[in-house]
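Beneath this line is the structure, given in C-alpha coordinates, with notes to follow.
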Amino acid sequence: MSRVLIVGAGLTGSLCACLLRREMANKVKIVVWDKSRGAGGRMSTSRSPSNAACTADLGAQYISATPFYAQIHQSFYEELLAHSILKPLVAPVEGMIMKEDLRDFVTPKGVSSIVKHYLRESAGAEVLFEHHVTRVCQKGAGWEVHRQGGEAETFDAVVLTMPVPQILQLQGDMRSLIDESQRRKLEAVSYSSRYALGLFYEAGVRIDVPWAAKYIADNPCIRFISIDDKKRSLDSPDCGPSVVVHTGVPFGVRHLEGTREEVEPLILGELQKVLPGLPQPISIKFQKWRYSQVTAAVPDCPGQMTLCSSPLLVCGGDGFMHSNFDGCVESALKVTEVLKSSL
(Lines give C-alpha, C1' and ligand atoms only; values in the text may rest on other atoms or scores of the structure.)
Protein backbone atom coordinates (compact mmCIF):
# COMPACT_ATOMS: atom_id res chain seq x y z
CA MET A 1 0.00 0.00 0.00
CA SER A 2 1.45 3.37 -1.05
CA ARG A 3 1.72 6.14 1.51
CA VAL A 4 0.69 9.45 -0.07
CA LEU A 5 1.25 12.86 1.52
CA ILE A 6 -1.00 15.75 0.47
CA VAL A 7 0.41 19.10 1.57
CA GLY A 8 -2.40 21.60 2.08
CA ALA A 9 -5.88 21.15 3.56
CA GLY A 10 -7.60 23.64 1.29
CA LEU A 11 -10.13 22.78 -1.39
CA THR A 12 -7.72 21.09 -3.83
CA GLY A 13 -5.95 19.07 -1.14
CA SER A 14 -9.12 17.95 0.64
CA LEU A 15 -10.83 16.94 -2.60
CA CYS A 16 -7.70 15.02 -3.70
CA ALA A 17 -7.85 13.09 -0.42
CA CYS A 18 -11.57 12.43 -0.94
CA LEU A 19 -11.15 11.20 -4.52
CA LEU A 20 -8.23 8.95 -3.58
CA ARG A 21 -10.27 7.47 -0.74
CA ARG A 22 -13.19 6.79 -3.07
CA GLU A 23 -11.21 5.45 -6.01
CA MET A 24 -8.08 3.88 -4.49
CA ALA A 25 -9.08 3.00 -0.93
CA ASN A 26 -7.27 -0.35 -0.94
CA LYS A 27 -4.12 0.96 -2.62
CA VAL A 28 -3.14 4.09 -0.70
CA LYS A 29 -2.68 5.35 2.84
CA ILE A 30 -3.56 9.05 2.75
CA VAL A 31 -1.89 11.66 4.97
CA VAL A 32 -2.80 15.37 4.85
CA TRP A 33 -0.56 18.04 6.40
CA ASP A 34 -1.44 21.73 6.72
CA LYS A 35 0.58 24.48 8.39
CA SER A 36 -2.55 26.21 9.74
CA ARG A 37 -4.57 25.32 12.83
CA GLY A 38 -7.58 24.17 10.84
CA ALA A 39 -8.93 23.20 7.45
CA GLY A 40 -9.98 25.57 4.69
CA GLY A 41 -6.98 27.39 3.26
CA ARG A 42 -8.35 30.40 1.42
CA MET A 43 -11.84 28.98 1.93
CA SER A 44 -11.57 30.20 5.50
CA THR A 45 -14.37 30.54 8.03
CA SER A 46 -13.58 32.25 11.34
CA ARG A 47 -15.57 31.89 14.57
CA SER A 48 -16.34 34.51 17.16
CA PRO A 49 -14.29 33.84 20.32
CA SER A 50 -17.39 34.49 22.45
CA ASN A 51 -19.91 32.45 20.40
CA ALA A 52 -18.79 29.57 18.16
CA ALA A 53 -22.12 29.70 16.31
CA CYS A 54 -21.27 33.17 14.99
CA THR A 55 -18.99 32.83 11.96
CA ALA A 56 -17.57 34.90 9.12
CA ASP A 57 -16.06 33.88 5.79
CA LEU A 58 -12.74 35.67 5.49
CA GLY A 59 -11.74 34.13 2.15
CA ALA A 60 -14.13 33.04 -0.60
CA GLN A 61 -17.58 34.63 -0.21
CA TYR A 62 -19.78 32.68 -2.59
CA ILE A 63 -19.47 30.24 -5.48
CA SER A 64 -20.45 31.02 -9.07
CA ALA A 65 -20.92 28.20 -11.56
CA THR A 66 -20.78 28.84 -15.30
CA PRO A 67 -22.91 26.61 -17.56
CA PHE A 68 -19.76 24.77 -18.69
CA TYR A 69 -18.59 23.89 -15.19
CA ALA A 70 -22.12 23.36 -13.88
CA GLN A 71 -22.33 20.57 -16.45
CA ILE A 72 -18.89 18.93 -16.22
CA HIS A 73 -18.79 19.25 -12.40
CA GLN A 74 -22.48 18.50 -11.97
CA SER A 75 -21.87 15.60 -9.58
CA PHE A 76 -19.86 17.82 -7.21
CA TYR A 77 -22.54 20.50 -7.09
CA GLU A 78 -25.30 17.92 -6.63
CA GLU A 79 -23.43 16.26 -3.75
CA LEU A 80 -22.89 19.53 -1.89
CA LEU A 81 -26.49 20.62 -2.45
CA ALA A 82 -27.79 17.25 -1.27
CA HIS A 83 -25.82 17.61 1.97
CA SER A 84 -27.09 21.20 2.42
CA ILE A 85 -23.51 22.45 2.27
CA LEU A 86 -24.44 24.67 -0.67
CA LYS A 87 -27.67 26.53 -1.27
CA PRO A 88 -28.62 29.14 -3.88
CA LEU A 89 -27.61 32.72 -3.16
CA VAL A 90 -30.86 34.68 -2.87
CA ALA A 91 -29.81 37.59 -0.65
CA PRO A 92 -29.19 40.93 -2.42
CA VAL A 93 -25.57 41.73 -3.34
CA GLU A 94 -25.28 45.37 -4.38
CA GLY A 95 -22.83 46.10 -7.19
CA MET A 96 -22.57 42.46 -8.21
CA ILE A 97 -22.33 41.95 -11.97
CA MET A 98 -25.40 39.90 -12.78
CA LYS A 99 -25.12 37.31 -15.51
CA GLU A 100 -28.12 35.21 -16.47
CA ASP A 101 -25.99 32.15 -17.23
CA LEU A 102 -24.30 32.07 -13.79
CA ARG A 103 -25.59 30.11 -10.81
CA ASP A 104 -24.48 31.56 -7.46
CA PHE A 105 -24.33 29.59 -4.21
CA VAL A 106 -23.57 30.29 -0.55
CA THR A 107 -22.59 27.99 2.30
CA PRO A 108 -24.97 28.10 5.32
CA LYS A 109 -22.26 26.77 7.67
CA GLY A 110 -19.44 28.81 6.20
CA VAL A 111 -17.31 28.26 3.13
CA SER A 112 -14.85 26.04 5.02
CA SER A 113 -17.69 23.50 5.39
CA ILE A 114 -16.95 22.42 1.79
CA VAL A 115 -13.39 21.50 2.70
CA LYS A 116 -14.48 19.82 5.93
CA HIS A 117 -17.02 17.75 4.00
CA TYR A 118 -14.35 16.38 1.68
CA LEU A 119 -12.06 15.62 4.61
CA ARG A 120 -14.90 13.70 6.31
CA GLU A 121 -15.41 11.80 3.07
CA SER A 122 -11.70 10.86 3.21
CA ALA A 123 -12.45 8.47 6.08
CA GLY A 124 -9.27 6.82 7.27
CA ALA A 125 -7.01 9.63 6.09
CA GLU A 126 -4.62 11.00 8.70
CA VAL A 127 -5.20 14.77 8.78
CA LEU A 128 -2.70 16.78 10.80
CA PHE A 129 -2.57 20.56 11.34
CA GLU A 130 0.31 22.83 12.35
CA HIS A 131 2.56 20.72 10.13
CA HIS A 132 4.61 23.23 8.12
CA VAL A 133 6.63 21.49 5.39
CA THR A 134 10.08 22.99 4.87
CA ARG A 135 12.14 20.43 2.92
CA VAL A 136 11.53 17.55 0.50
CA CYS A 137 14.38 15.10 -0.18
CA GLN A 138 14.45 11.96 -2.30
CA LYS A 139 15.27 8.92 -0.20
CA GLY A 140 15.51 5.63 -2.08
CA ALA A 141 12.19 4.92 -3.77
CA GLY A 142 10.34 7.58 -1.77
CA TRP A 143 10.41 11.09 -0.35
CA GLU A 144 11.64 12.25 3.04
CA VAL A 145 9.54 15.24 4.04
CA HIS A 146 10.71 17.60 6.79
CA ARG A 147 8.55 20.00 8.79
CA GLN A 148 9.09 22.72 11.36
CA GLY A 149 9.45 21.41 14.90
CA GLY A 150 8.95 17.74 14.06
CA GLU A 151 10.60 14.63 12.75
CA ALA A 152 10.87 13.91 9.04
CA GLU A 153 8.62 11.20 7.58
CA THR A 154 8.89 9.10 4.42
CA PHE A 155 6.21 8.81 1.74
CA ASP A 156 5.86 6.98 -1.56
CA ALA A 157 4.28 9.98 -3.27
CA VAL A 158 3.84 13.66 -2.44
CA VAL A 159 1.21 16.14 -3.66
CA LEU A 160 1.89 19.86 -3.13
CA THR A 161 -1.20 22.10 -3.21
CA MET A 162 0.05 25.27 -1.50
CA PRO A 163 0.49 28.56 -3.41
CA VAL A 164 3.18 28.30 -6.08
CA PRO A 165 5.64 30.75 -4.43
CA GLN A 166 5.62 28.50 -1.34
CA ILE A 167 6.43 25.48 -3.53
CA LEU A 168 9.43 27.36 -4.93
CA GLN A 169 10.60 28.16 -1.38
CA LEU A 170 10.88 24.50 -0.34
CA GLN A 171 14.39 23.30 0.44
CA GLY A 172 16.06 19.94 -0.14
CA ASP A 173 15.99 18.38 -3.60
CA MET A 174 13.37 20.76 -4.96
CA ARG A 175 15.90 23.00 -6.68
CA SER A 176 17.39 20.15 -8.69
CA LEU A 177 14.00 18.55 -9.41
CA ILE A 178 12.53 21.59 -11.14
CA ASP A 179 14.03 21.98 -14.61
CA GLU A 180 14.57 25.35 -16.24
CA SER A 181 11.37 25.26 -18.28
CA GLN A 182 9.25 24.30 -15.27
CA ARG A 183 10.88 26.97 -13.12
CA ARG A 184 10.11 29.69 -15.69
CA LYS A 185 6.48 28.60 -15.72
CA LEU A 186 6.22 28.47 -11.93
CA GLU A 187 7.89 31.85 -11.52
CA ALA A 188 5.42 33.36 -13.99
CA VAL A 189 2.51 32.74 -11.60
CA SER A 190 1.19 35.85 -9.88
CA TYR A 191 -1.33 36.49 -7.11
CA SER A 192 -3.27 39.46 -5.83
CA SER A 193 -2.91 40.43 -2.16
CA ARG A 194 -5.50 41.85 0.20
CA TYR A 195 -6.62 42.09 3.81
CA ALA A 196 -9.86 40.87 5.37
CA LEU A 197 -11.51 41.70 8.69
CA GLY A 198 -14.22 39.75 10.46
CA LEU A 199 -16.24 41.84 12.93
CA PHE A 200 -18.35 39.95 15.48
CA TYR A 201 -21.26 41.43 17.43
CA GLU A 202 -23.39 40.54 20.42
CA ALA A 203 -26.80 38.94 19.97
CA GLY A 204 -29.51 41.52 19.48
CA VAL A 205 -27.34 44.02 17.59
CA ARG A 206 -28.90 45.11 14.30
CA ILE A 207 -27.06 46.36 11.24
CA ASP A 208 -29.69 48.07 9.14
CA VAL A 209 -28.58 48.14 5.52
CA PRO A 210 -30.73 47.21 2.50
CA TRP A 211 -28.22 44.67 1.20
CA ALA A 212 -26.56 41.46 2.40
CA ALA A 213 -23.28 42.26 0.67
CA LYS A 214 -21.96 45.17 -1.34
CA TYR A 215 -19.10 45.90 -3.71
CA ILE A 216 -17.56 49.31 -3.01
CA ALA A 217 -16.35 51.20 -6.07
CA ASP A 218 -15.27 54.58 -4.69
CA ASN A 219 -13.16 53.85 -1.60
CA PRO A 220 -9.34 53.74 -1.63
CA CYS A 221 -9.26 50.87 0.85
CA ILE A 222 -12.45 48.80 0.97
CA ARG A 223 -13.69 46.74 -1.98
CA PHE A 224 -16.33 44.43 -0.46
CA ILE A 225 -18.52 44.26 2.65
CA SER A 226 -20.75 41.39 3.69
CA ILE A 227 -23.25 41.03 6.52
CA ASP A 228 -22.36 37.37 6.64
CA ASP A 229 -25.40 35.91 8.40
CA LYS A 230 -27.65 37.89 6.07
CA LYS A 231 -25.66 36.81 2.99
CA ARG A 232 -26.27 33.19 3.97
CA SER A 233 -29.96 33.88 4.77
CA LEU A 234 -29.54 32.71 8.37
CA ASP A 235 -31.95 33.47 11.19
CA SER A 236 -30.10 32.92 14.46
CA PRO A 237 -31.63 34.95 17.31
CA ASP A 238 -29.00 33.70 19.79
CA CYS A 239 -26.14 34.76 17.56
CA GLY A 240 -25.08 38.30 16.80
CA PRO A 241 -24.34 39.46 13.26
CA SER A 242 -20.90 39.26 11.69
CA VAL A 243 -19.47 41.68 9.14
CA VAL A 244 -16.73 40.82 6.65
CA VAL A 245 -14.61 43.55 5.09
CA HIS A 246 -12.25 42.87 2.15
CA THR A 247 -9.81 45.50 1.02
CA GLY A 248 -9.04 46.22 -2.60
CA VAL A 249 -5.88 44.85 -4.16
CA PRO A 250 -4.02 48.23 -4.46
CA PHE A 251 -4.45 48.80 -0.72
CA GLY A 252 -3.32 45.23 -0.01
CA VAL A 253 -0.19 45.61 -2.10
CA ARG A 254 0.65 49.03 -0.67
CA HIS A 255 0.40 47.81 2.94
CA LEU A 256 1.44 44.17 2.42
CA GLU A 257 4.33 44.30 4.88
CA GLY A 258 2.41 46.30 7.47
CA THR A 259 1.62 44.97 10.94
CA ARG A 260 -1.87 44.45 12.29
CA GLU A 261 -1.38 47.47 14.56
CA GLU A 262 -0.65 49.60 11.49
CA VAL A 263 -3.19 48.24 9.01
CA GLU A 264 -6.31 47.41 11.03
CA PRO A 265 -7.01 51.02 12.16
CA LEU A 266 -6.74 52.19 8.54
CA ILE A 267 -9.37 49.67 7.43
CA LEU A 268 -11.70 50.44 10.36
CA GLY A 269 -11.39 54.15 9.68
CA GLU A 270 -12.46 53.70 6.06
CA LEU A 271 -15.25 51.33 7.15
CA GLN A 272 -16.75 54.08 9.32
CA LYS A 273 -16.82 56.34 6.27
CA VAL A 274 -18.65 53.69 4.23
CA LEU A 275 -20.99 52.65 7.08
CA PRO A 276 -21.29 55.62 9.47
CA GLY A 277 -22.55 54.66 12.89
CA LEU A 278 -21.60 51.00 12.60
CA PRO A 279 -21.75 49.52 16.14
CA GLN A 280 -18.58 48.61 17.99
CA PRO A 281 -17.83 44.88 17.60
CA ILE A 282 -16.98 42.69 20.58
CA SER A 283 -14.09 41.10 18.67
CA ILE A 284 -12.26 41.41 15.35
CA LYS A 285 -10.46 38.78 13.30
CA PHE A 286 -7.60 40.14 11.16
CA GLN A 287 -6.45 38.23 8.08
CA LYS A 288 -3.66 39.01 5.61
CA TRP A 289 -4.00 37.21 2.26
CA ARG A 290 -0.56 37.46 0.71
CA TYR A 291 -1.73 34.98 -1.94
CA SER A 292 -5.37 35.90 -2.39
CA GLN A 293 -6.37 35.11 -5.99
CA VAL A 294 -4.37 33.90 -8.96
CA THR A 295 -3.97 36.66 -11.55
CA ALA A 296 -1.73 34.59 -13.87
CA ALA A 297 -1.73 30.78 -13.62
CA VAL A 298 1.04 28.38 -14.67
CA PRO A 299 0.99 28.52 -18.49
CA ASP A 300 0.42 25.44 -20.65
CA CYS A 301 -0.05 23.19 -17.64
CA PRO A 302 -3.75 22.78 -16.88
CA GLY A 303 -4.46 21.41 -13.46
CA GLN A 304 -1.13 19.99 -12.37
CA MET A 305 2.62 19.80 -12.91
CA THR A 306 4.54 16.57 -12.33
CA LEU A 307 8.01 17.38 -11.04
CA CYS A 308 9.13 13.76 -10.68
CA SER A 309 7.38 10.61 -11.91
CA SER A 310 9.34 8.06 -9.85
CA PRO A 311 8.94 8.53 -6.98
CA LEU A 312 5.93 10.67 -7.74
CA LEU A 313 5.98 14.36 -6.82
CA VAL A 314 3.13 16.38 -8.30
CA CYS A 315 1.89 19.95 -7.78
CA GLY A 316 -1.70 21.18 -8.01
CA GLY A 317 -4.04 23.91 -6.84
CA ASP A 318 -5.59 27.08 -8.20
CA GLY A 319 -2.17 28.30 -9.34
CA PHE A 320 -2.42 25.69 -12.09
CA MET A 321 -5.98 26.65 -13.10
CA HIS A 322 -7.85 29.66 -11.68
CA SER A 323 -9.00 30.87 -8.26
CA ASN A 324 -12.49 29.57 -7.81
CA PHE A 325 -14.31 26.40 -6.81
CA ASP A 326 -14.23 24.87 -10.28
CA GLY A 327 -10.55 25.65 -10.80
CA CYS A 328 -9.67 23.75 -7.62
CA VAL A 329 -12.00 20.87 -8.51
CA GLU A 330 -10.44 20.57 -11.96
CA SER A 331 -6.94 20.57 -10.48
CA ALA A 332 -7.90 17.89 -7.94
CA LEU A 333 -9.26 15.73 -10.76
CA LYS A 334 -6.06 16.12 -12.80
CA VAL A 335 -3.82 15.33 -9.81
CA THR A 336 -5.91 12.27 -8.97
CA GLU A 337 -5.55 11.01 -12.56
CA VAL A 338 -1.76 11.24 -12.23
CA LEU A 339 -1.82 9.39 -8.90
CA LYS A 340 -4.06 6.64 -10.26
CA SER A 341 -1.85 6.06 -13.29
CA SER A 342 1.40 6.16 -11.28
CA LEU A 343 0.61 4.15 -8.15
Side-chain angles (χ1 to χ4, degrees), residues 10-11 14-15 40-47 53-118 194 196-201 206-217 222-237 239-248 274-275 287 289 292-293 318 321-330:
L11 179 54
S14 64
L15 183 51
R42 280 164 285 164
M43 301 190 82
S44 170
T45 302
S46 183
R47 298 181 181 278
C54 184
T55 63
D57 289 329
L58 296 186
Q61 294 296 303
Y62 53 86
I63 291 171
S64 297
T66 64
F68 173 75
Y69 281 121
Q71 180 178 359
I72 68 169
H73 294 161
Q74 181 179 359
S75 62
F76 296 97
Y77 283 102
E78 288 181 347
E79 176 181 342
L80 295 174
L81 287 164
H83 285 83
S84 299
I85 294 168
L86 289 185
K87 68 178 183 181
L89 170 63
V90 296
V93 179
E94 192 171 307
M96 183 179 182
I97 299 174
M98 303 302 294
K99 296 182 180 180
E100 292 183 0
D101 58 348
L102 285 181
R103 297 177 64 193
D104 297 311
F105 302 95
V106 289
T107 48
K109 297 180 181 179
V111 73
S112 68
S113 63
I114 300 175
V115 173
K116 292 175 181 177
H117 168 75
Y118 288 133
R194 69 180 75 239
L197 296 184
L199 284 64
F200 299 100
Y201 294 87
R206 292 184 58 84
I207 299 174
D208 292 317
V209 292
W211 39 263
K214 181 177 182 178
Y215 286 92
I216 310 298
I222 296 172
R223 178 66 181 118
F224 180 84
I225 303 174
S226 169
I227 316 301
D228 239 32
D229 49 318
K230 191 173 179 181
K231 178 192 73 181
R232 299 186 229 156
S233 300
L234 299 178
D235 184 14
S236 304
C239 179
S242 59
V243 174
V244 173
V245 182
H246 278 200
T247 72
V274 176
L275 292 178
Q287 177 69 55
W289 293 117
S292 177
Q293 291 179 301
D318 61 348
M321 285 294 298
H322 38 81
S323 287
N324 56 24
F325 174 81
D326 291 294
C328 292
V329 170
E330 196 63 20

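Here the CG atom belonging to Leu275 is positioned 10.0 Å from the CG atom belonging to Leu199, to the nearest 0.5 angstrom. Here Thr107 contributes atom OG1 and Asp228 contributes atom CG; the two are 8.0 Å apart, rounded to the nearest 0.5 Å. Distance check, rounded to the nearest 0.5 Å: NZ of Lys109 to OG of Ser84 gives 7.5 Å. In this structure, the separation between CG on Asn324 and OG1 on Thr66 is 8.0 Å, given to the nearest 0.5 Å. If you take CH2 on Trp211 and NZ on Lys231, they are separated by 12.0 Å, rounding to the nearest 0.5 Å.
For Glu78, the salt bridge (charged side-chain N to carboxylate O under 4.0 Å, His left out) criterion is met by no residue, not counting sequence neighbours.
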>> Could you go through Asp57 and Val106, starting from their C-alpha distance and side-chain angles, then the distance that decides it, and tell me whether this counts as side chain to side chain contact (heavy atoms under 4.5 Å, CB included)?
In response: CA-CA 10 Å; Asp57 289 329; Val106 289; over 6 Å; no
>> Apply side chain to side chain contact (heavy atoms under 4.5 Å, CB included) to residues Gln61 and His246 and explain how you reach the verdict.
In response: CA-CA 10 Å; Gln61 294 296 303; His246 278 200; 3.7 Å; yes
>> Does Glu330 form a side chain to side chain contact (heavy atoms under 4.5 Å, CB included) with His322? I'd like the steps, not just the answer.
In response: CA-CA 9 Å; Glu330 196 63 20; His322 38 81; over 6 Å; no
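Listed here is the closest heavy atom pair of Gly40 and Val115: N-CG1, 3.8 Å. Listed here is the closest heavy atom pair of Leu58 and Trp289: O-NE1, 2.9 Å. Taking both residues in full, the closest heavy atoms of Ile85 and Ser113 are given as CG2-OG, 3.6 Å, listed atom of the first, atom of the second, then distance. Closest approach of Ser64 and Asp326 over heavy atoms only: O-OD2, 3.9 Å. Across all non-hydrogen atoms, the minimal contact from Val111 to Ala60 is CG1-O, 3.6 Å. Considering all non-hydrogen atoms of both residues, Ser242 and Phe200 come closest at CB-CD2, 3.9 Å.
Contact check for Gln287 versus Ser46: no side-chain heavy atoms found under the 4.5 Å cut-off. In this structure, Tyr201 and Ile207 have side chains that are in contact, with non-hydrogen atoms separated by less than 4.5 Å. Asp104 places a side-chain heavy atom less than 4.5 Å from the side chain of Met96. When side chains are defined from C-beta on, Val243 counts as touching Ile225, because their heavy atoms get closer than 4.5 Å.
Aromatic ring orientation, Tyr215 versus Tyr62: perpendicular (interplanar angle above 60°, classes split at 30° and 60°).
Formation of a donor-acceptor pair under 3.5 Å by the Arg223 side chain with backbone atoms of Thr247 is not found in this model. At least one donor-acceptor pair under 3.5 Å links the side chain of His83 to the backbone N or O of Glu79.
Other residues, nucleotides and ligands contribute only 12 or fewer heavy atoms inside 6.0 Å of the CG atom of Asp235.
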Distance-only check: which donor-acceptor pairs under 3.5 Å involve side-chain atoms of residues 86-94, not counting sequence neighbours?
unit_1	atom_1	unit_2	atom_2	d
Lys87	NZ	Arg232	O	2.7
Glu94	OE2	Lys214	NZ	3.4

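With Phe325 as reference, Tyr77 is the one residue of Tyr118, Phe105, Phe76, Tyr77 to meet the ring-ring contact (aromatic ring centres under 6.0 Å, His included) rule.
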